[in-house]
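Notes for the one structure printed next.
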Amino acid sequence: MFYLSQMLGTPVIDSEGVEIGRINDLAIQTGEVFPRITALAFKGPAKTPFMVSWRKYVAEFSNDEVTLNTSSHNIRFSYLQPDEILLARDLLNKQIVDTQGLKVVRVNDLKLSQSNDQLRLLGAEVGMRGLLRGLSPLLERAVAGVGKVVRRPLEENIIAWNYMELVDRDLSNVKLSVTHRRLHDMHPADIADILEQLDPQQRTKVFDHLDSQQAAETMSELEEEYQSDLIDDLSESEASKLLASMDPDDAADILGDLPYEKAEKLLWLMGVQDQARIRNLLGYKEKTAGGIMTTDFVTVSENATVAETVEQIRGKSEEYDAVHYVYSVDSQGRLIGAVSLRSLVLAAPETRIFDISVRELRTVSPDADQEEVAEGISKYDLLAMPVVDEDGKLLGIVTVDDAFDVIEEEHSEDLQIAGANVGDLGREEGPRGVSSLLRWVLRREMWLIVWVVVSLLIMLAGGISTFAGALVLMPFVLILADNTVNFSISDLLSYDGSKGSSAMARLFGRNLVVAVVILVFGLLVMFALGSTSFGLPSAGQGEGVLLSGEPATTFVGSLGGVATLVLAAFIPTLIASFLIILAGVFITAYSRRRLDKGKQLSNTSMTFAVMLFGLLVQLGLTYVMVELVQRSVGTLFFG
C-alpha cells in the first residue's frame, strides 16, 4: 500500500538516473469509483513546479522514488485538466463531508493502491493513524506496536472516494462517477446536520451550492441559531426568495427572530400571496398552536364531490408538501368536517364530501400551548389537528411533524433542566477521557473541593482564629446550596411560565416556610448546645471567661475557645442557609428565562454561584459575630 504523506518529497528520477525534482502532489481523474493517478506534480531546480502525465512517463514507482521512462530533455509537460483534482492541494488536511457517516471530518492522509502499472486512490484516512503517519512513520509504527501490546490496535479509518464530498473546493463543474454520492443526493435533514458541523464560511459556501428547493428544505431543518446566520449571509433578495419558498410556518419562525426592520424588508420583497401567508402567522405567540401551525391546507365545500376534491388536490400537490386531510367548510370559512385521504380514495367519484366527512373533530384554539397540541396529536393518533378561532373558522393546521418537533424540543429542555448536556447526546459511546472524569468529580463533589480550597486560603491568611467555627459548619452551607440548585431547577419541570407571578409567588411561599423551619430548628439546637454540650457557664454564672481561665480574646488554644467560635458561627450559618433557600426561587425564574430564550443551562455554574453567595454571607457575618464576642469577653450568648 502507498500513502500520499509518504510519497510527498520522494525523488523523481529520469531514465539516466538523474534526480530532476521531488514530488509535491498527485492528480486524479474524478470520473471513476477508485480514481487512478493521472499526473505527477514535482518541483525541479530552483523549486520550479512541473507536471507530467503519469501514464505516459512513469516507468516504476515505490515509497522511495519514482522513475521516469525518458530523460529530462524529452519530457513534455502537461496541465491540470477540468476533470482532475490535486490530492495534496484539494484533499490533504482539508475538511470533507463523509456522506455515509453524515459527519464532517479532516483528511489526515490518503491511501493509494497499486494496480498493475497504475496507482489508484482508495480513500481518505481520517483517523489517528493517518495523523501520526503525517508526523512521522516511526511514530505511527511505535504507537501501533504499543496498541498491539495492550490489545487496543490502532485501526485505520478510511472513507472511500465515492463517499467523500469536498467542502473547501467547488466540484460542481467536475465530472464525478455515477456512483459518487453527493450532498445534493442526501435528505435535507442530513444536509442540515452536516452544515451545523462546519464553520460559518464553509457553511455558507456549501449552502450556496444547493438548489432552491433543497436550500428551503434544509433551512427548515437547521437549528435557529444557524438559520439566522445563513439569512444574514444571503443578500436581501436571495433571503426573501428562500423564505417565500419555505413552508409559511417555518418562514414565520425565522422572521420572528430577525430584527423588525429586516423582517419587514424581506416580507415586502416577496410576492403578495407569499407575504400574506406568512404575515397571518407572525401575529401569534411563540410556543402556541398559532405559532406552529401552517396555513397550507385544502378546504372544499361540503357539497363538493370526491372527483372535484381530488382534482383540487392535484392542483395543489406541488405547492403543499403534505396533505393528510381535506377539510369541509361553510361559506363563512367555519370548519364543518374532515375527510382523510384514505376515505377519499375509497369513495366513488360522484360521492359528496358531506356523506363521508367526520363531524366530531378534535380542534384547538390558536392560543393553546404547543405541548398540549402535540399531546393531543399523539393521544388521538392524528396526522394533523385543525386550529380554529372562537367562531369556529379554520385558521390553520398543526401537522404531525410539527408535533414531533415540539416533543423533541420539550424533551431537550427537560434534559437541560435535569443538568444533562444535550450536546453530548448522540456521540459515540465508549471510555471517556481524563477531562470527563474531572468534570464529573467537580459536579458531584464541588462542595468538598470548595471547602478544602477556602479552608486552605483562610489558614494561609492567618484567619483560623476568626473563622474556625465557620469552617466547621461550612459543609452544611455548601451541601445545602448544591441541593437547593438541583431542587430549584427541577421545579421547571412542573412550572408553567404562562402562569406568571402567581406561580412564582407560590414557589416563594413554599421556600420561605422551609427556610423559617430550618432557622427556628437551628436556633433551638444552638441554645441547647450553648447551655449544655460545651459546659460553658450559663447566664449569671461566672464572669464571662472560658473554661481554661483565659480571656475570650484567646479563643483557639482551649476547648472552650473552639466551642465559642462554633457558636459564634452558628447564627451566620443559619442566616446564610435561610437566604440560600429563598434564592432557590430566583434560580427557577432565571433558568426559565434562559430556556425561553433558547439558551443552555449550566448546573455547575449556578451551583458554584450559589455556593459562593452562601460563603460570603456566612464568612462575613461570622467575622462580625466573632468581633462582637471578643469585645464582650464571651458574654454575648451567655450573659
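Using a 4.5 Å heavy-atom cutoff, the side chains of Tyr226 and Leu195 are not in contact. The shortest distance between side-chain heavy atoms of Lys287 and Gln370 falls below 4.5 Å. By the 4.5 Å heavy-atom criterion applied to side chains, Met219 and Phe207 are counted as neighbours. Counting heavy atoms from C-beta outward, Leu68 and Val12 have side chains that approach closer than 4.5 Å. Annotation: side chain of Ser237 is in contact with side chain of Lys241 (closest heavy-atom distance under 4.5 Å). No side-chain heavy atom of Asp402 sits less than 4.5 Å from a side-chain heavy atom of Val406. Side-chain contact between Tyr3 and Arg133 is present, with heavy atoms from C-beta onward closer than 4.5 Å. Contact check for Leu448 versus Trp451: side-chain heavy atoms found under the 4.5 Å cut-off.
The CG atom of Leu478 sits 11.0 Å away from atom CD1 of Ile449, with the distance rounded to the nearest 0.5 Å. For the atom pair Ile587 CD1 and Met606 CE, the distance stands at 7.0 Å (nearest 0.5 Å). For the atom pair CD of Glu217 and CE of Met246, the computed distance is 10.0 Å after rounding to the nearest 0.5 Å. Between the CD1 atom of Ile37 and the CZ atom of Arg120 there is a distance of 10.0 Å, given to the nearest 0.5 Å. Here Leu40 contributes atom CG and Tyr57 contributes atom OH; the two are 12.0 Å apart, rounded to the nearest 0.5 Å. Considering CG of Leu243 and CG of Leu255, their distance stands at 5.0 Å, rounded to 0.5 Å.
Side-chain atoms of Ser62 and Asp64 include no donor-acceptor pair closer than 3.5 Å. In this structure, a donor-acceptor pair under 3.5 Å is absent between the side chains of Ser228 and Asp257.
Residue Phe608 places its CZ atom among 12 or fewer non-hydrogen atoms of other residues, nucleotides or ligands, all under 6.0 Å distant. Few gaps surround NZ on Lys262; more than 12 heavy atoms of other groups in view lie less than 6.0 Å from it. No more than 12 heavy atoms of other residues, nucleotides or ligands sit less than 6.0 Å from atom CZ of Phe404. Within a 6.0 Å sphere centred on CD of Glu196, other residues, nucleotides and ligands contribute more than 12 heavy atoms. Few gaps surround CZ on Arg106; more than 12 heavy atoms of other groups in view lie less than 6.0 Å from it. Crowding of Met128 atom CE: a count of heavy atoms from other residues, nucleotides or ligands under 6.0 Å not exceeding 12.
When all heavy atoms of Gly127 and Asn108 are compared, the closest pair comes out as O-ND2, 2.9 Å. Of all non-hydrogen atoms in Val107 and Leu91, the two that sit nearest each other are CB-O, 3.3 Å. Ala481 and Val610 make their closest contact through CB-CG1, 3.8 Å (heavy atoms, listed as atom of the first residue, atom of the second, distance). Ile23 and Met7 get closest at one heavy-atom pair: CB-O, 3.6 Å. The minimum heavy-atom distance between Ser240 and Leu266, with the atom names listed, is OG-O, 3.0 Å. Taking both residues in full, the closest heavy atoms of Pro475 and Trp447 are given as CB-CZ3, 3.7 Å, listed atom of the first, atom of the second, then distance.
A salt bridge is defined here as a Lys NZ or Arg NE, NH1 or NH2 lying under 4.0 Å from an Asp or Glu carboxylate O, and Asp25 with Arg89 fails to meet this definition. For Asp109 and Arg129, the salt-bridge test fails: no basic side-chain N is under 4.0 Å from an acidic carboxylate O.
In this structure, Asn157 contributes its side chain and Val126 its backbone to no donor-acceptor pair below 3.5 Å. With Asn69 contributing its side chain and Lys56 its backbone, the two residues share a donor-acceptor pair below 3.5 Å. Side-chain N or O atoms of Asp211 include one that pairs as donor or acceptor with a backbone N or O of Gln213 at under 3.5 Å. Using a distance-only test at 3.5 Å, with no hydrogens or angles considered, no donor-acceptor pair links the side chain of Gln81 to the main chain of Asp83. Remark: the backbone N or O of Gly44 is not paired with any side-chain donor or acceptor of Thr48 at under 3.5 angstrom. Thr67 places no side-chain N or O within 3.5 Å of a backbone atom of Ile13 that could act as its donor or acceptor partner.
Across Gln118, Glu84, Gln29, a single residue satisfies side-chain hydrogen bond (donor to acceptor under 3.5 Å, both in side chains) together with Thr38, and that is Glu84.
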Item checked: Audit row: Trp54, Arg36, side chain to side chain contact (heavy atoms under 4.5 Å, CB included) steps and yes/no -> CA-CA 10 Å; Trp54 181 280; Arg36 57 187 173 86; over 6 Å; no
Notebook entry, point to check: Does the pair Leu86 and Met51 meet the rule for a side chain to side chain contact (heavy atoms under 4.5 Å, CB included), with working shown?
Noted result: CA-CA 11 Å; Leu86 292 172; Met51 180 176 289; 3.8 Å; yes
Note to self: Let's go through Leu112 and Leu87 carefully: what are the C-alpha distance in whole Å and the side-chain angles of both, what is the deciding distance for side chain to side chain contact (heavy atoms under 4.5 Å, CB included) to 0.1 Å, and is it a yes or a no?
What the structure shows: CA-CA 11 Å; Leu112 308 166; Leu87 297 185; 4.1 Å; yes
Next item on the list: Given side chain to side chain contact (heavy atoms under 4.5 Å, CB included), test Leu132 with Leu154 step by step and report yes or no.
Entry: CA-CA 11 Å; Leu132 295 174; Leu154 187 64; 3.8 Å; yes
Next item on the list: Evaluate the criterion side chain to side chain donor-acceptor pair (under 3.5 Å) for residue pair Thr294 and Asp247; output intermediate values, then yes/no.
Entry: CA-CA 7 Å; Thr294 179; Asp247 290 340; 5.9 Å; no
